[in-house]
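Bear in mind that the values here come from a model prediction, so they are computed numbers and not experimental data.
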Amino acid sequence: PLNSDFDDEDRLIQRYALATFFYSTAGEGWSSNFLWMSSSDECIWYSTSKSGTICDQDGRLRELDLQENKLFGSIPQEVVMLSESLQILRLTKN
């Protein structure tokens with residue numbers, strides 16, 4: 001995986017937080033959910049970010065950018081589990 005230096009427990013927590021986000025915002029109905037909920041590294045899951053990478057060099061998510069992607073629902077409390085690394089949260093026009 002891209003984040004091979006990332007502690008296994010931390011990675012599991014990150015993936016769990018993203019999974020709860022996916023299901024709380026009706027991820028199956030998003031305009032694009034490419035690779036979300038797959039075994040692929042979460043640093044390459046679909047994003048509308050233009051920055052090139054959504055994770056830092058250690059594989060910690062720093063950007064959750066899913067603008068204009070037909071998200072529906074609410075942001076789950078579990079997103080706070082990303083608070084040590086998450087710097088950008090962009091969910092406009094959903």
ask   = Under the side-chain contact (heavy atoms from CB on, under 4.5 Å) test, which residues partner F72, sequence neighbours left out?
value = A26
ask   = Are there more than 12 heavy atoms of other residues, nucleotides or ligands under 6.0 Å from atom CD of E28?
value = yes
remark   = CH2 of W45 to SG of C55, rounded to nearest 0.5 Å, is 10.0 Å
task = Assign the ring pair F21 / W36 to parallel, tilted or perpendicular, where the plane angle (0 to 90°) is split at 30° and 60°.
result = tilted
ask   = Any side-chain heavy atom of L35 sitting closer than 4.5 Å to one from I44?
value = yes
query = Hey, are the side chains of L18 and V79 touching, using non-hydrogen atoms and a 4.5 Å cut-off?
reply = no
request  = To the nearest 0.5 angstrom, please state how far the OG atom of S51 sits from the CD1 atom of I88.
outcome  = 6.5 Å
task = Keeping the roles fixed (side chain from N69, backbone from L71), state whether a donor-acceptor pair exists under 3.5 Å.
result = no
query = Side chain of D58, backbone of R60: donor and acceptor closer than 3.5 Å?
reply = no
request  = Flag yes if I54 and Y46 sit in one hydrophobic cluster, no otherwise; membership is Ile, Leu, Val, Met, Phe, Trp, Tyr, and two members link when side-chain heavy atoms are under 4.5 Å apart.
outcome  = yes
remark   = In this structure, OG of S47 is separated from CG of L64 (nearest 0.5 Å) by 7.5 Å
note = Interatomic distance, CD@E68 vs OG@S31, rounded to 0.5 Å, equals 9.0 Å
query = With side chains defined as the heavy atoms from C-beta onward, is the minimum distance between I75 and S24 less than 4.5 Å?
reply = no
inquiry  = Using side chain to side chain contact (heavy atoms under 4.5 Å, CB included), reason through D41 and R11 one step at a time and then give a plain yes or no.
reply    = CA-CA 10 Å; D41 192 292; R11 182 165 188 230; 4.0 Å; yes
note = d(L86 CG, D56 CG) to nearest 0.5 Å is 11.0 Å
request  = State, yes or no, whether a side-chain contact exists between Y23 and P76 at a heavy-atom distance under 4.5 Å.
outcome  = no
message = Just so I know, are the side chains of Q14 and E42 near enough to count as touching, which here means a heavy-atom distance under 4.5 Å?
response = yes
Spacing of CZ belonging to F22 relative to CE belonging to M37, to within rounding of 0.5 Å = 6.5 Å
task = With Y16 as reference, evaluate I13, T20, L12 under the side-chain contact (heavy atoms from CB on, under 4.5 Å) test and give the passing residue.
result = T20
message = Please list all pairs meeting side-chain hydrogen bond (donor to acceptor under 3.5 Å, both in side chains) that have one or both residues in residues 85-94, counting only residues at least two apart or in different chains.
response = E63-R90, D65-R90, Q67-T92
